[in-house]
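Basis for what follows: all heavy atoms, side chains included, without hydrogens, waters or symmetry-related copies. A, B, ... follow the sequence lines: proteins, then strands. Residue 1 opens every chain.
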Amino acid sequence: MTIRTRFAPSPTGYLHIGGVRTALFNYLFAKKHGGQFILRIDDTDQQRNVSEALQPILDGLRWLGIEWDEGPNKTENPQPNGYYQSQRNDKYQAAVDELLKSGFAYRDFAKPEEIQTERDAAVAEKKTFTYSRTWAAETEADVKKFEADGRQGIIRLKMPREGKLVIHDLVRGDVEFDWSNEQDHVIQRTDGSFLYHLANVVDDEDFQISHVIRAEEHLPNTPRQIFMIQSLGYHLPEYAHLPFVAEPGSKTKLSKRKLDKYLKNKDFAKLVNHANAIAERIGLEINAADFNPVIVDFYRTVGYLPEAIVNAMALVGWALDDKTELFTMRELIDAFSLEGVTKGAASFDPAKLFAFEEKHFLTKTVGEKVKLCVPFLTEGLSHFLTKDGDRSSEWCQDTEIYFSQDEMLRKLIGYAGERIKVAGDILDFIDFFIPDEMLPYNETDYEKRIKSVPEALPLLKEFRQLTLLGFDAGDWTHQALEKLAMDFIAEKGIKPNALIFPLRVATTGKSIGIGMFEALELLGKERTLRRIERTLQR
RNA sequence: GGCCCCGUCGUCUAGCGGUUAGGACACGGCCCUUUCAAGGCCGCGGCACGAGUUCGAUUCUCGUCGGGGUCACCA
């Protein structure tokens, strides 16, 4: 049997992190077994612009490396009617007609308030609501009568009222339902449009889906789908209901709308603050609704590695063994199995995701890191240089040199080592690329390391005059500089920090960063002296 | 409320009758160190509870409690 799985997003305008996990598991399972992964678009109830709302989802999946074999934007698609539910109405109509003909569905003329009354009564009696079928049309005469009353018809499933259904779920084992608890669900609306459950069943049959892998919130509505499958004589797919992705530190389903609440979680806040800082430095308008860690784009925007997201999400509700944590997509495909899927809801852990990012970034070569960082550096620099408005173009021209210092960037990334965990972190080191006369000082550091230390400036001045000024620019390496400084420190009989802190603030504007002498090496003699001079005159 | 699902450190999990209950992330401490990261070492911390079954239960059964999902002319 060919394994065929599908991910069926509704075009909502964004790719939810929980959706990623579902898509990923479907993808992994299909690839593992040499099958196909299909992308189908559930847009039966879509008012807005579908292609616009779908694009971020397609982009997000592609970015993550979850590529579909059939679906939108594919040149060769076997399905003549396409993969959009909105384009498949003929198929759905045929299915409804058949259900009607075979007696597994009926036309119903109840008014919404009449249904509601029955439902309220059931709730009051603490019983399962079951529609009385009072307004069900048995014959054409019934139809005429109801229509004469001004009633509008819909199509309902005529669900069994006795017996049991056992679903053999690949994750949960056998799950038993009583048919009597099932309702006569609507499958076609007054306006003739179709409902999700019907469309879903028809599509899965047409696309020959072998395994339905989806979040567990779908488990309660599986019986009605199986009822349709059986009534229409379709093949029954295998089911695997995944635990859903929960809020950090909770078992409640993760939701895009609860960001405020999540921000109270320390790890979540850390993740968001870090990302906000990057976004700010590239001049991005931060809109909390869209710039949200529940949405995949958030990570892409600040430079996370797609493989980190994939790795982290693969381990939400799945594990290979008791030790393997780091996976590439290829390794995931090889290792994945539905048996490894856990049953309990699994919290999304921002700290763990960040840890994966760190580890995956570490595996990149300097060359790869440069490639990843350049767009952020470019954005950050142009934002930094133009935020003062008028002067912008002039400043940009004057400082064009700073944009094209490949060699410096390369060295910097080497020296920065694991301080850069996300491509956007390169912006922590933007100071190396900006004109010396524009270097901003961290005022707290300046106060603490220079202003409030009387000997700081004299020491700096002396170091500059006696040591740096006469030092051969050709020997301007961090090793030579370090020796130079240490000799100076020894001679003066001071602690290293007495010189290094003021020097650090003077040359980089702040008291944290890469190794002091590596920093001076990158700056070069001329710029180092200029920055010190500027501080002395401040 | 009806129906269904779930329950191992704070979090993600390994475990599939006998283990000092293992790992990862986070957290705390120490070391290293010119700052910040990183790294090394150490530590904190868990089988929801109660009955069975069994020589023996984290593991099997039942119950209790707790958490969650779902009950649309949404998907």
Side-chain angles (χ1 to χ4, degrees), chain A residues 8-10 12 42-46 85 108 112 115 119 122-129 152 154-156 167 169 171-172 175-178 180-183 185-191 193-197 199-200 215-223 241 243-244 246 248-253 265-267 270 312 315-326 340 342-356 358 362 416-421 425 428 445 449 482 485-486 489 495-501 503-505 508 510-517 519:
Chain A
S10 187
T12 51
D42 284 12
D43 58 347
T44 54
D45 190 49
Q46 210 61 35
Q85 291 193 328
D108 185 57
I115 295 285
R119 181 172 286 133
V123 171
E125 287 179 58
K126 297 189 178 182
K127 287 199 321 206
T128 302
F129 163 62
Q152 289 189 309
I154 52 168
I155 312 296
R156 281 183 191 279
I167 297 172
D169 191 278
V171 172
R172 266 145 239 286
V175 182
E176 214 175 84
F177 292 89
D178 281 332
S180 59
N181 286 129
E182 294 300 314
Q183 304 187 28
H185 295 281
V186 177
I187 52 175
Q188 187 170 18
R189 301 185 181 93
T190 313
D191 67 3
S193 63
F194 305 93
L195 277 99
Y196 160 75
H197 296 291
N200 181 57
E216 68 175 322
E217 67 219 53
H218 288 282
L219 188 53
N221 53 43
T222 304
H241 286 94
F244 52 79
S250 154
K251 297 292 180 198
T252 313
K253 200 164 89 177
N265 171 299
K266 193 163 55 78
D267 296 330
K270 210 164 141 188
L315 293 177
V316 176
W318 176 83
L320 174 62
D321 53 32
D322 61 341
K323 41 182 78 74
T324 322
E325 291 273 327
L326 222 56
T342 51
K343 292 178 180 166
S347 297
F348 169 69
D349 185 346
K352 195 137 186 170
L353 182 129
F354 193 80
F356 277 117
E358 200 173 339
L362 191 62
E418 295 173 24
R419 292 173 183 85
I420 300 176
K421 306 169 198 296
D425 284 340
D428 285 343
D445 291 345
R449 302 299 181 187
E482 179 159 5
M486 289 310 165
I489 285 162
K495 289 190 171 172
N497 279 347
L499 173 69
I500 288 174
F501 270 126
L503 187 58
R504 191 180 274 289
V505 174
T508 67
K510 55 191 184 227
S511 60
I512 59 167
I514 62 169
M516 180 74 270
F517 305 105

Point to revise | Shortest side-chain distance from A:Lys266, nucleotide among B:A26, B:C3, B:U34 | key: B:A26
Review point. If each of A:Glu125 and A:Gly513 is mapped to the nucleotide of RNA chain B with the nearest heavy atom, which maps nearer the 5' terminus, i.e. the 5' end?
Key: A:Glu125
Check your understanding: Under 4.0 Å between a side-chain N or O of A:Ser347 and OP1 or OP2 of B:C12?
Key -> yes
Check your understanding: Just by protein heavy atoms under 4.0 Å, how would nucleotides 57-75 of chain B read 5' to 3' in B, S and -?
Key -> ----------SSBSSSBSB
Point to revise | Any-strand Watson-Crick or G-U partner of B:A38, both distances under 3.5 Å | key: none
Practice item. Taking atom P in both B:C12 and B:G68, compute the distance separating them and give it to the nearest angstrom. Key: 14 Å
Practice item. Quote, to the nearest angstrom, the P distance that separates B:C44 from B:G23. Key: 12 Å
Exercise for review: Could you tell me which non-hydrogen atom of A:Ala416 sits nearest to which non-hydrogen atom of A:Ile420, and how far apart they are?
Suggested key: CB-CD1, 3.8 Å
Check your understanding: Can you give one letter per nucleotide of nucleotides 37-48 of chain B, going 5' to 3': B for a protein heavy atom under 4.0 Å from the base, S for sugar-phosphate only, - for none?
Key -> SS----------
Point to revise | Nearest-nucleotide comparison on RNA chain B, the residue closer to the 5′ end among A:Phe517 and A:Gly340 | key: A:Gly340
Practice item. For A:Ser193, answer base if it contacts any base atom (sugar-phosphate contacts may also be present), sugar-phosphate if it contacts only those atoms, and nothing otherwise; contact means non-hydrogen atoms under 4.0 Å. Key: nothing
Exercise for review: For A:Leu353, report the nucleic acid contact type (base, sugar-phosphate, nothing); a contact means any heavy atom under 4.0 Å.
Suggested key: nothing
Exercise for review: Would you state whether a donor and an acceptor, one from the side chain of A:Lys352 and one from the base of B:A24, lie under 3.5 Å apart?
Suggested key: yes
Exercise for review: Provide the closest heavy-atom pair for A:Gly249 versus A:Ser347 in the form atom of the first, atom of the second, distance.
Suggested key: N-OG, 3.6 Å
